[in-house]
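For reference, the structure discussed in these notes is given below.
Whatever order the structure lists them in is the order used to number ligands and atoms, beginning at 1.
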Amino acid sequence: LKAVILAGGSATRLRPLSCTRPKILFPVINKPLLQWILEGLVKNNVNEVIMAVNRQTEIAMKQFRTRKCGVRITYSCDPLRKPLGTGGPIKKAEKHIGYNASFLVLNGDIFADVNYREILRMHEEKGGVATIALCHVEDPSRYGVVELAKENRVKRFIEKPQREDAPTNLINAGIYIFSPEIFKYIPEGRMVSMEREVFPRLVEEGKLYGYIHNGLWVDIGKPEDYLKLNEMLLDSIFIQQKLKFKGEGVKVNKPVAFDKNVSVGEKSVIGPYAVLGENVKVGRNVFIQDSVVFSETEISDFASLEGAIIGEGAFIGRRVKIGRGCIIGDGVKVGDGITLSDGVLVCPSKEVFENVSAIKCII
Ligand code: GDD
Ligand code: MG
């Protein structure tokens, strides 16, 4: 089984952190999403992956030292400034994928514990052109919504309907098995949306099936979902870590995840739900809760973070307060005593020397 991973989207909802890294390299409990995905593929005996990327993603991925877990990775790149959407990249990789067997396609921003082999089994049993994994969610309007008929045949597929128009709560999980026949349904050389063009046509012809997945599933594309995923994993997985600090009176409220070489100064309170990346340096009397801090960042004495995401290599000054929903880009410096109220976004490498009290993006 070969897999194609779609990883060339623009990730606008995760800006400013996605300005400097593609979604597929976002750390999830201190491990890049890509690595979680590769490990899941290996468990399902998939060891050949085609990364459908854009130029920036390809460069970032090649620079990044992800453990490939024994998977052979090749790149198929969209033309410069001409994104191919979710369908075009599959067509582009046609020869590479080949015509002998069904193959797997994954949206590259999904964290899930899906059994790909089970979907393949259902696909072979039903004999359609495509079988897509489906999940139940509370608000289906942000996704592709599916109505199923008898025998798991898809009766309707509507991409991102108004909430009141969504016929069900069953959504497209962004995980597909396709037969090689799918190539006939995707026009060549232009942007194609699987969701808006191809799936509706397959529905008309009765060739689209749905496999219901009841396990863990999160699209990390929105900051609140990204934080929620980290939180869910903190609750559910065992994290091996040494929690001994030189500083006296450090209070660690579990669950937390500390990567290698994290230091914490005296009387700081970390957690619950704090994820600290490699080499993160936390000063004295710091308070960190419900937050993710990427690697190489320094948080100075008396600072407090609540519900925030702090990028890589940032510097947070003394007595700084960072509120819920704030996203601080890589390499940002926040000066001493600054307060950033809820929902402030700071672009990479900026220096912030005044308080910000309204939701705003500092460019
Ligand atoms: N190579 C390439 N080129 N990849 C792309 C492009 C492109 O032009 N556009 C998007 N992708 C990749 C993204 O990187 C992502 O991994 C995947 O395709 C899906 O794109 P998103 O932008 O994340 O779409 P979405 O989350 O709004 O909606 C999709 O996923 C939902 C599940 O999370 C749709 O497939 C929905 O139907 C689905 O419910
Ligand atoms: Mg998405």
Quiz item: Do Y176 and F199 make the cut of ring centroids closer than 6.0 angstrom?
Solution: yes
Exercise. Using only heavy-atom distances, determine whether the side chains of T74 and H96 contain a donor-acceptor pair under 3.5 Å.
Key: yes
Quiz prompt | Residue and atom name of the nearest protein heavy atom (relative to atom 13 (C) of ligand 1), distance in Å to one decimal | solution = G9 N, 3.6 Å
Self-check item: Inter-residue atom distance I37.CD1 - E39.CD, 0.5 Å rounding
Solution: 11.0 Å
Exercise. Identify, for atom 29 (C) of ligand 1, the protein heavy atom at the shortest distance, and state residue, atom and that distance.
Key: N107 ND2, 3.6 Å
Quiz item: Is G144 close to ligand 1, meaning an N/O of one under 3.5 Å from an N/O of the other?
Solution: yes
Practice problem: Would you mind checking which non-hydrogen protein atom is closest to atom 18 (O) of ligand 1, with the distance to 0.1 Å? | Solution: L6 CB, 3.6 Å
Exercise. Return the name of the atom in D109, of element N, O or S, nearest to the Mg ion (ligand 2).
Key: OD2
Quiz prompt | OG1-CD1 distance between T168 and I158, expressed to the nearest 0.5 angstrom | solution = 8.0 Å
Exercise. Could you tell me whether I110 approaches ligand 1 through its side chain, its backbone, both or neither, with non-hydrogen atoms closer than 4.0 Å?
Key: side chain
Exercise. With the side chain counted from C-beta on, respond yes when K62 and E58 share a heavy-atom pair under 4.5 Å apart, and no when they do not.
Key: yes
Quiz item: Does NZ or CZ of R318 come closer than 6.0 Å to the centre of the six-membered ring of F302, within 45° of the ring's axis?
Solution: no
Quiz item: Do I316 and V293 belong together in a cluster built from hydrophobic side chains that touch within less than 4.5 Å?
Solution: yes
Self-check item: Those atoms of ligand 1 less than 4.0 Å from some heavy atom in A7
Solution: 4 (N), 14 (O)
Quiz item: If hydrogens are left out, which of E159, R142, R13 has an atom nearest to atom 36 (C) of ligand 1, that is, the closest non-hydrogen atom?
Solution: E159
Quiz prompt | Minimum-distance protein heavy atom relative to atom 26 (O) of ligand 1 | solution = D219 OD2, 2.9 Å
Quiz item: After noting the C-alpha distance and the side-chain angles of K23 and L33, does the key distance pass the side-chain contact (heavy atoms from CB on, under 4.5 Å) rule?
Solution: CA-CA 8 Å; K23 273 195 277 196; L33 176 60; 5.7 Å; no
Quiz prompt | Nearest-0.5 Å distance that lies between atom OG in S300 and atom CZ in F315 | solution = 3.5 Å
Practice problem: Provide the number and element of each atom of ligand 1 under 4.0 Å from a heavy atom of D78. | Solution: 1 (N), 2 (C), 3 (N), 7 (C), 8 (O)
Exercise. Below 4.0 angstrom from a heavy atom of L84, which ligand 1 atoms are there? Numbered from 1 as shown, please.
Key: 8 (O)
Quiz prompt | Those atoms of ligand 1 less than 4.0 Å from some heavy atom in A52 | solution = 1 (N)
Practice problem: Can you sort out which atoms of ligand 1 are near Y176, meaning under 4.0 Å from one of its heavy atoms? | Solution: 35 (O)
Quiz item: Quick one: does P89 get within less than 4.0 Å of ligand 1, heavy atoms only?
Solution: yes
Quiz item: So between P83, G85, C135, G108, whose heavy atom ends up nearest atom 6 (C) of ligand 1?
Solution: G85
Self-check item: Atoms of ligand 1 close to T86 [distance to a heavy atom under 4.0 angstrom, numbered from 1]
Solution: 18 (O)
Quiz item: Looking only at non-hydrogen atoms, which of R196, M51, K23, K160 approaches atom 21 (P) of ligand 1 most closely?
Solution: K23
Exercise. May I ask you to identify the nearest protein heavy atom to atom 35 (O) of ligand 1, giving residue, atom name and distance to one decimal place in Å?
Key: E195 OE2, 2.5 Å
Quiz item: Are side-chain heavy atoms of P27 and Y226 found at a separation under 4.5 Å?
Solution: yes
Quiz item: What part of N172 sits under 4.0 Å from ligand 1 if we count only heavy atoms: the side chain, the backbone, both or neither?
Solution: both
Quiz item: Measuring from N230:CG to D225:CG, what's the distance to the nearest 0.5 Å?
Solution: 11.5 Å
Quiz prompt | Sub-4.0 Å heavy-atom contact, F199 with ligand 1 | solution = no
Quiz item: Given the rule that I, L, V, M, F, W and Y join up when any side-chain heavy atoms are under 4.5 Å apart, are I175 and I24 in one cluster?
Solution: yes
Quiz item: What residue and heavy atom of the protein are closest to atom 4 (N) of ligand 1, and at what distance?
Solution: G8 N, 2.9 Å
Quiz item: Closest non-hydrogen protein atom to atom 23 (O) of ligand 1, residue and atom name please, with distance?
Solution: D109 OD2, 2.7 Å
Quiz item: Does S349 reach the main-chain N or O of V332 with its side chain, forming a donor-acceptor pair under 3.5 Å?
Solution: no
Practice problem: Please state whether the rings of W217 and Y143 are parallel, tilted or perpendicular, taking 30° and 60° as the class boundaries. | Solution: perpendicular
Self-check item: Shortest-distance N/O/S atom, D219 versus the Mg ion (ligand 2)
Solution: OD2
